[in-house]
Amino acid sequence: MTDVTSTVVRLKLSLLRNGLRQSGGRRAAFVASAVVALLFGALQLLGLVLLRGHPHADAVAVLVTAVLALGWAFMPLFFPSGDETLDPTRLVMFPLRPRPLVRALLAASLVGIGPLFTLLLLVGCAVSVAHGAAGYGVAVVAVVLALLVCVALARAVAAANVRLLTSRKGRDLAVLSGLVIAVGAQLVNFGARSLGSAGLGELAPVADVVRWLPPASAIGAVHSASEGSYGTAVAQLALSAAALTLLVGAWARTLTRLMTAPDGSTLQAPDSAGRGPASSDGLGRLLPSGRTGTVMMRSLRYVWRDPKTKAAWVTSLAIGLIVPVFNALQGTGSIYFACFAAGMLGIQMYNQFGQDTSAFWMVAMTISSARDAYVELRGRALALLVITLPYATLVTVLTTAMLGDWPRLPEVLGLSFALLGAMLATGAWTSARFPYSIPQESHRNVAAGQTGLAWIAIFGGMVSAALLCAPVIALTIALNVSAEGGQWTWVLLPVGAAYGATITWAGLRAAAPRTAAHLPEILSAVSKG
């Protein structure tokens, strides 16, 4: 047992060491991230220690521990490639029993920046509430127990989902990380503002419940022991110990199944004979016939299936909602922030051909005239509108409802539609004029040597879209400034919608001839990645 544990720990250290030997950039990134994480952990430790004696220090301590546990539970799902030892199926050919392997992997999991960062915060949480010999004695046990629960939770979750995490679709879970980080940052910001005005006492009701949930119950036991409630402290420690036992048992059962059950890739796929084409089902029935519907279906499938396209859409959808809604919640928002949704989603029209990568040659083979190019661009724009029009409308209505400024709803919707139309127009033109490649097997979003093209396409197009919206913006200002114009602001909705549709049509018409005439150059540019 000891040999297995020491071997797996050495394997973890070897993986870390060999990974750092690959390049100087990777070593620099590791050192920088380690310094930042440990510095942040040390500052958090200091801040928690300074809370000693505060009447609500125990509430902060148990909630910090609960947040740590949530992070350990979900991070393996979002970043499955962060630790090569998260996949136990790599050891399936070795004569290892599940129980010794669990102990070995648990010990290996304690090696790294993450466990050290967690340890710093747990020590700070324990010290902030510990008083007296009994409190410090329980604190030692509580910190170790809480750390083991966090690590075991991460391993159990990763093992239960290892087949998914190592598949193509499973890696798409990382797309959600941007959404979670964006939403989480806004929630933390909003919570910090609320606590700043109401005080830490607002945490007490939640903490009273969380202190009985492992592993936060271990830190709760420190506070209970410090207060002389030894029976309560024992019960809270027992809860964390029971959770650790259950997690290790579930982890062992999962490892047994992984080591003995066949992988789904070895099973024969079910016969799909007799099924009709996918385009004849579901959404395909609602789309137009001919090339327009085909292009729309292809574009929508890219959004759903291609990891990088999906990541861009998820990020735009999240930020387009977060900015106006959270500003409205904080009381600092304006109803015009709702236009942010249309702007973020309009960016998806830029570099349309680069999203196809080298597969664009199949599309290029079907374009022989400006008419073909126009229909292709129109289908892509309509596919984008299927998502952006209802979404931008929903965000605008939601923001209006939160601010209670219903009279301005028509003009903001009109502005959003005009902005969306302008971005579709400039996006179609820049897609033909400044195409660039998006590497599929790299974390980069722009191929080497094409960064300048990307900046020109995106930021130049956004500036052009803002200028194209100038007539609608000027009309909005004029109606709001005029003494009697306020009663006519409703006309901005039909005006903005009509202007957006017209400018989109004009932009597609302008981009079509260039697209048809420069297909070889476009194909060369988008295939470089």
Side-chain angles (χ1 to χ4, degrees), residues 276-280 283-306 308-309 312 346-388 420-440 446-447 449-450 453-454 456-458 460-461 464-465 468 500-529:
S279 61
S280 64
L283 182 61
R285 298 176 180 176
L286 305 177
L287 299 180
S289 60
R291 176 168 184 151
T292 299
T294 302
V295 173
M296 292 179 66
M297 178 61 75
R298 185 207 323 136
S299 299
L300 292 172
R301 282 179 173 170
Y302 276 160
V303 173
W304 182 250
R305 295 180 179 180
D306 181 64
K308 289 208 170 183
T309 304
I347 293 176
Q348 303 307 316
M349 187 64 187
Y350 292 77
N351 196 35
Q352 277 291 308
F353 307 130
Q355 296 176 9
D356 295 357
T357 63
S358 57
F360 178 66
W361 73 269
M362 292 186 291
V363 177
M365 294 291 292
T366 66
I367 298 176
S368 58
S369 64
R371 173 65 184 173
D372 293 337
Y374 170 74
V375 175
E376 174 72 24
L377 289 169
R378 183 181 63 186
R380 293 172 184 252
L382 288 174
L384 190 143
L385 287 173
V386 168
I387 302 174
T388 55
L420 182 58
M423 297 197 75
L424 291 177
T426 56
W429 190 83
T430 57
S431 293
R433 181 64 179 84
F434 302 107
Y436 58 90
S437 177
I438 302 176
Q440 294 299 297
V446 183
Q450 294 185 328
L453 283 176
I456 293 173
I458 297 176
S464 300
L468 288 175
T502 302
I503 203 69
T504 299
W505 174 83
L508 296 177
R509 284 291 184 185
R514 180 172 183 85
T515 301
H518 295 82
L519 283 175
E521 292 88 341
I522 295 174
L523 180 60
S524 175
V526 303
S527 301
K528 287 185 177 180

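Nothing here was measured: the structure is a model prediction, and the numbers come from that model.
You'll find the side chain of Arg378 reaches within 4.5 Å of the side chain of Val375, heavy atoms only. You'll find the side chain of Trp505 reaches within 4.5 Å of the side chain of Tyr374, heavy atoms only. With contacts defined as side-chain heavy-atom distances shorter than 4.5 Å, the pair Gln348/Ile387 does not qualify.
The shortest heavy-atom contact between Ala373 and Ala512 is CB-O, 3.4 Å. Closest approach of Ile503 and Ala422 over heavy atoms only: CG2-N, 3.5 Å. Met423 approaches Ala465 most closely through the heavy-atom pair CG-CB, 3.8 Å. In terms of heavy atoms, Met349 sits closest to Ser431 at O-OG, 3.2 Å. When every heavy atom of Asp372 is checked against every heavy atom of Thr366, the shortest pair comes out as OD2-O, 3.7 Å.
Under the 3.5 Å distance criterion, the side-chain polar atoms of Ser299 are left unmatched by any main-chain donor or acceptor of Arg380. Checking side-chain atoms of Tyr302 against main-chain N and O of Gln355 turns up no donor-acceptor pair under 3.5 Å.
Atom CG in Asp356 sits 10.5 Å away from atom CG in Leu523 (nearest 0.5 Å). Atom OG1 in Thr430 sits 9.5 Å away from atom CD in Gln352 (nearest 0.5 Å). Going from atom OG1 of Thr292 over to atom CG of Leu287 covers 10.0 Å, rounded to the nearest 0.5 Å. Within the model, atoms OG1 of Thr426 and CH2 of Trp429 stand 10.0 Å from one another, a figure rounded to the nearest 0.5 Å. Atoms CG and OG1, on Leu424 and Thr504 in that order, are 4.5 Å from each other to the nearest 0.5 Å.
Between Phe360 and Phe353, the two ring planes are tilted [angle within 30° to 60°].
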Practice prompt. Please report the C-alpha distance between Leu420 and Leu385 in whole Å, then the side-chain angles of each, then the deciding distance to 0.1 Å, and finally whether the side chain to side chain contact (heavy atoms under 4.5 Å, CB included) criterion is met.
Written response: CA-CA 9 Å; Leu420 182 58; Leu385 287 173; 3.7 Å; yes

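Annotation: salt bridge (charged side-chain N to carboxylate O under 4.0 Å, His left out) contacts of Arg291 (sequence neighbours excluded): Glu376.
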Mind listing the side-chain donor-acceptor pairs of residues 513-522 below 3.5 Å, one per line with the distance, residues two or more places apart or on another chain?
unit_1 : atom_1 : unit_2 : atom_2 : d
Thr515 : OG1    : Ala511 : O      : 2.8
His518 : ND1    : Arg514 : O      : 3.1

